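Position 1 is the first residue of the sequence, and the numbers go up from there. Just so it is clear, the structure is predicted and the values come from calculations on it, not from any experiment.
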Amino acid sequence: MAEALRVGIAGLGTVGASVARVLRDKAAELTRQCGRDIIVAAVSARDPKRDRGVDVSSARWFDDPVKMAQTAEIDVFIELIGGDEGPARLSVKAALEAGRHVVTANKALLAKHGVALAEIAEKKGVLLNYEAAVAGGIPVIKTMREAMAGNSVTRVFGILNGTCNYILTRMEAEGISFDACLKDAQRLGYAEADPTFDIEGHDTAHKLSILTSLAFGTKIAANDIYMEGISNITQADIRAAGDLGYRIKLLGVAQRTESGIEQRVHPTMVPTASVIAQVHGVTNAVAIETDILGELLLSGPGAGGNATASAVIGDIADIAKSRPGFQHGPVFGRPAKELRPYKKAQMRSHAGGYFIRLTVHDRIGVFAAIAKRMADNDISLESIVQHAVSGEAAAQKTVILVTHETTEAAVRKAVDGITKDGHLTDKPQVIRIERAG
Ligand SMILES: NC(=O)c1ccc[n+]([C@@H]2O[C@H](COP(=O)([O-])OP(=O)(O)OC[C@H]3O[C@@H](n4cnc5c(N)ncnc54)[C@H](OP(=O)(O)O)[C@@H]3O)[C@@H](O)[C@H]2O)c1
């Protein structure tokens, strides 16, 4: 049998401790599958005394993950610390430069430094595997990098943040407000004490930026993502969406267009009958649309110790099975030096259908004025309905419009015009509609 593969785990928190546990519990199975033993030779975390719920005393302890990354006692460095700078970045860089394979679950690090790290890995002839960094346990990186050869991706989109999907699912199922759902999510451990990163779309954007690079062979451009979170989604939106045959999801979407690549994260209306609309709670899903395959949807657990560990272990097993000259190819699907510059499509030219909810004064002429603003901007309407705002005096009404395909620029101009006309009593709500199978 080949020599054992020696791994060093940096970070023994939710994911790191699960990885150590699965490597121990499934040792015999992994040896059978990989043709060699996988042993945890070294570990690093901040607190050497903390009980991790798994015995790692046979591994050498390192206070400094960078030192662990450089030691000749390991073949693979597993980074499960987190963060886009500091010990995570320094140790991953040190490991690659020392010729160690790296496995990481760190989307923030890859979104910011992925291309530079890939260049080092490719120069050194080592692997940088990151399946767990996007959609947790769902094998989306492997699918895009290995199983879709010859396909040209036209669009990739997904539910990439379990916290947001949990909140939107409960808002719809129970008719409760965003704030109440968020508090519950925090109580149950599905949302952080400071939830901004999740609910304003940053986490989704990090993951999307990695998928975009894989899909289109471009350099990662995490700062070029249009982003709107879910904190302004109300029960009125959710009810109106349901009445119209839609469900609201926070999607990350990357799409090739004539003017470049769109990367956007925003609340989106998807047809209630579509497959992605059936993805509920903390579950994640990624849809990949290509010229040959059509649309593929992968769904499953996007976070949690065991689900994430499953992806990390898959990456380690790939390294255990790989041999020089027979690996799974470049980090982002093509050599890092050949990744094309990212050409951003302007959000103003985004084409699609729109849902617009307006709260207006109940007076003669308002409805006609709204319709005129739409027509002036060449926006063709699929429907326009008005009804009294429930529980309010008849002084205001809600007008809900659904447009046929138009552009973001036209919608913004029309809504600005309506706002200037002085008919609105509240901020207008605009939600993009996404085609989904
Ligand atoms: N949790 C998930 O469901 C999930 C899903 C997908 C991806 N990820 C990614 O996986 C990574 C880890 O997440 P996590 O949830 O496991 O985080 P976590 O529970 O906060 O664990 C972080 C670990 O890093 C250690 N650490 C922090 N600073 C260190 C330093 N300077 N030197 C050595 N160790 C250090 C901590 O040590 P102490 O324990 O001693 O404090 C802790 O063990 C992140 O990149 C995250 O984005 C997580």
Side-chain angles (χ1 to χ4, degrees), residues 1-65 68-69 71 73-83 87-88 91-92 95 100-107 109 127-142 162 188-190 192 282-284 300-322:
M1 193 162 61
E3 267 181 43
L5 185 80
R6 302 159 308 161
V7 304
I9 306 176
L12 291 169
T14 306
V15 182
S18 283
V19 168
R21 201 174 310 113
V22 177
L23 285 176
R24 182 199 62 192
D25 295 349
K26 297 294 178 87
E29 184 63 17
L30 284 164
T31 300
R32 199 181 58 73
Q33 289 174 354
C34 301
R36 62 201 287 201
D37 291 338
I38 298 172
I39 54 169
V40 180
V43 290
S44 176
R46 270 178 307 210
D47 181 356
K49 296 208 178 67
R50 182 175 296 172
D51 177 8
R52 313 277 170 184
V54 53
D55 182 8
V56 286
S57 56
S58 59
R60 184 167 161 207
W61 177 273
F62 283 83
D63 283 326
D64 181 358
M68 188 178 90
T71 176
E73 292 167 35
I74 62 167
D75 306 302
V76 185
F77 179 76
I78 304 170
E79 187 275 308
L80 300 167
I81 297 171
S91 60
V92 166
R100 313 272 171 267
H101 300 295
V102 168
V103 173
T104 179
N106 191 336
K107 57 240 157 194
L109 177 70
L127 296 171
L128 168 57
N129 287 353
Y130 53 93
E131 185 61 73
V134 181
I138 304 175
V140 59
I141 307 298
K142 211 183 238 304
L188 293 166
Y190 293 146
E192 303 283 337
V282 292
T283 304
N284 279 201
N306 273 347
T308 311
S310 165
V312 172
I313 304 272
D315 278 349
I316 299 170
D318 279 349
I319 294 170
K321 288 183 268 187
S322 74

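For the residue pair Asp318 and Lys142, the shortest heavy atom distance occurs at OD2-NZ, 2.6 Å. Contact record, Lys321 with Gln33: CD-O, 3.8 Å, taken as the closest heavy-atom pair. Minimum heavy-atom separation, Ala95 to Phe77: CB-CB, 3.6 Å. Minimum heavy-atom separation, Val15 to Ala309: CG1-N, 4.4 Å. When all heavy atoms of Arg52 and Leu12 are compared, the closest pair comes out as NH1-O, 3.2 Å. Annotation for Ala88 and Leu109: closest pair O-CD2, 4.3 Å, computed over non-hydrogen atoms.
When each of Val22, Leu30, Ile9, Ile38 is tested with Ile316 by the rule side chain to side chain contact (heavy atoms under 4.5 Å, CB included), just one qualifies, namely Ile38.
A donor-acceptor contact shorter than 3.5 Å links the side chain of Asp55 to the backbone of Ser57. In terms of modelled atom types and a separation under 3.5 Å, the side chain of Asn129 and the main chain of Val103 share no donor-acceptor contact. Side chain of Thr308 to backbone of Ala132: no donor-acceptor contact under 3.5 angstrom is found. Between the side chain of Ser310 and the backbone N or O of Asn306 there is no donor-acceptor pair closer than 3.5 Å. Between the side chain of Arg6 and the backbone N or O of Ala42, no donor-acceptor pair lies under 3.5 Å. In this structure, Glu131 contributes its side chain and Val140 its backbone to a donor-acceptor pair below 3.5 Å. Formation of a donor-acceptor pair under 3.5 Å by the Asn106 side chain with backbone atoms of Gly83 is found in this model.
Atom-to-atom distance recorded for Asp75:CG and Glu3:CD is 8.0 Å, nearest 0.5 angstrom. Note: Ser44 OG to Glu79 CD = 10.5 Å, rounded to the nearest 0.5 Å. Here CD1 of Ile78 is found 12.0 Å from NE2 of His101. Values are rounded to the nearest 0.5 Å. With rounding to the nearest 0.5 Å, the separation of OG in Ser91 from CD1 in Ile81 is 4.5 Å.
No more than 12 heavy atoms of other residues, nucleotides or ligands lie within 6.0 Å of CD in Glu192, so this atom counts as exposed by the packing criterion. In Tyr130, the OH atom is crowded: over 12 heavy atoms of neighbouring residues, nucleotides or ligands sit closer than 6.0 Å.
Side-chain contact between Leu127 and Ser322: present, with at least one pair of heavy atoms (C-beta onward) separated by less than 4.5 Å.
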